[in-house]
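The basis for the numbers below is simple: all heavy atoms, side chains too, and nothing from hydrogens, waters or symmetry mates. Read the numbers this way: they start at 1 and go in the same order the structure lists the ligands and their atoms. Worth saying up front: this structure is predicted, and the values here are computed from it rather than measured.
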Amino acid sequence: MGKYDFDQEIERRGTGALKTDSLQERFGRPDLLSAWVADMDFATPDFIRQALIDRIESNPILGYTIEPADYRPAIIDWERKLHDWEINPDWISYIPGIVKGIGMVINVFTKPGDDVVIMPPVYHPFRITAVENGRHVVNVPMLEDEEHRYQIDYDSLEALETEGGLLLLSNPHNPGGRMWTAEELARLAEISKRKKLLVVSDEIHADMALWGKRHVPFQTVSEDAASNSITFCAPSKTFNIPGIVSSFSVVPDKRIRDRFYGWLAANEFGDAPLLSHIATIAAYREGEEWRKEMIRYVEDNIRFAEDYCRENIPGVKALRPDASFLVWLDCRELGLSHAELLDLFINGARVALNDGEMFGKEGAGLMRLNVAAPRSTVEEVLSRLREAVSKLNKNRK
Ligand SMILES: Cc1ncc(COP(=O)(O)O)c(C=O)c1O
């Protein structure tokens, strides 16, 4: 038994949680068990909540605030310890969210009509942000190997005819859960540099490497990578504080940094709200024990989901991720259309998961299960799915 209780069930309905209180609007009915959007059903760790309470209680004025002296050292020490990544303090800037950061980079570094390369199936705001800003999305779909692991399609990247633009990388990959090796990243960096594609490496899931694996920060793999990239990080996923925006960027190249950070400064986007830095420092200074326990619990949940599907749900396979708490459920053997699959999950099982096609048509037949929840919740989601699939199979006979 560890120090923290991840089995605790916490009612989120009625708190304004996106995960529970937007079901009618997003899934067409309110009575679903939620295992979709990527936040955790675990309590945000006590040392982070306490740091926020301490600040609010220690002084009644919540005024404009300056960056605490320990903000950059806390990030630098954390990244060095976890990822062997040496960051210079000048390379860091707060950003008001990673998706917003991607929108900003799109606006600062490209013009309407320019290319934004994405590798679907991938975190859907990559596509949406580019499209909504009038950029030209270039899809280079991932290849799927025999073990259902995604691989970067280097040949298609090589064949791109582009005048430059951006390449958006999910590292580790959401929703496929792949962690990229230094060799894979270095090859991507070389091609991107040659094709004049500035790489945005979204590393929000980096601190949740599973099964003893190690995350490789894109910037560290080569000179091509360091001189042609912007990396986005955050403690938000790992420590369950996405409601407190805590993201930051890391840019080693001075030319890119001057352009991006100059624009952030001109618009005051690099200035954080009062509680962001406090939460980040608490997470990075006090969070290692919690992070390790949380990862062990998530790993057990993943094993549980794998076993449960194999033993009880014919036609549904849980694909093991290298990192984070999002598990691809491969439902392709059920042979359902997109509408039928959604109906099975929403109206049959009454569970809310992210549907694979959100991430691109390459996600057809897959559903994304969030296992950052008490075991009892994961079990209930899968048990409802088992019943719905069994009914489906009976009806087919
Ligand atoms: C890959 C990835 N990037 C970014 C985000 C969201 O980041 P933010 O809330 O800072 O915009 C998520 C959330 O699910 C994500 O999975």
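- Ligand 1 has an N or O atom lying under 3.5 Å from an N or O atom of V99, backbone or side chain.
- Applying the 4.0 Å criterion to heavy atoms of H205 picks out, from ligand 1, the atoms 1 (C), 15 (C), 16 (O).
- Applying the 4.0 Å criterion to heavy atoms of A38 picks out, from ligand 1, the atoms 14 (O).
- In this structure, H205 has no ring pair (Phe, Tyr, Trp, His ring centres under 6.0 Å) partners at least two apart in sequence or on a different chain.
- I204 CD1, 3.3 Å is the protein heavy atom nearest to atom 7 (O) of ligand 1.
- Using a 4.0 Å cut-off between charged nitrogen and carboxylate oxygen, R194 and E158 count as a salt-bridge pair.
- Heavy atoms from other residues, nucleotides or ligands lying under 6.0 Å from CZ of R29 number more than 12.
- Contact annotation for atom 9 (O) of ligand 1: protein absent (non-hydrogen atoms, distance under 4.0 Å).
- Protein heavy atom at the shortest distance from atom 3 (N) of ligand 1 is D202 OD2, 2.5 Å.
- Screening residues 43-69 for salt bridge (Lys or Arg N to Asp or Glu O under 4.0 Å), with sequence neighbours left out, gives E67-R72.
- Between F42 and Y4 there is no side-chain heavy-atom pair separated by less than 4.5 Å.
- Atom 6 (C) of ligand 1 has Y123 OH, 3.2 Å as its closest protein atom, hydrogens excluded (heavy atom only).
- Ligand 1 places these atoms under 4.0 Å from at least one heavy atom of I98: 4 (C), 7 (O), 8 (P), 10 (O), 11 (O).
- Between the side chain of R257 and the backbone N or O of V251 there is at least one donor-acceptor pair closer than 3.5 Å.
- Heavy atoms of K237 come nearer than 4.0 angstrom to ligand 1 in at least one pair.
- One N or O on the side chain of D355 and one on the backbone of E357 form a donor-acceptor pair closer than 3.5 Å.
- The distance criterion of under 3.5 Å between nitrogen or oxygen atoms is met by N174 with respect to ligand 1.
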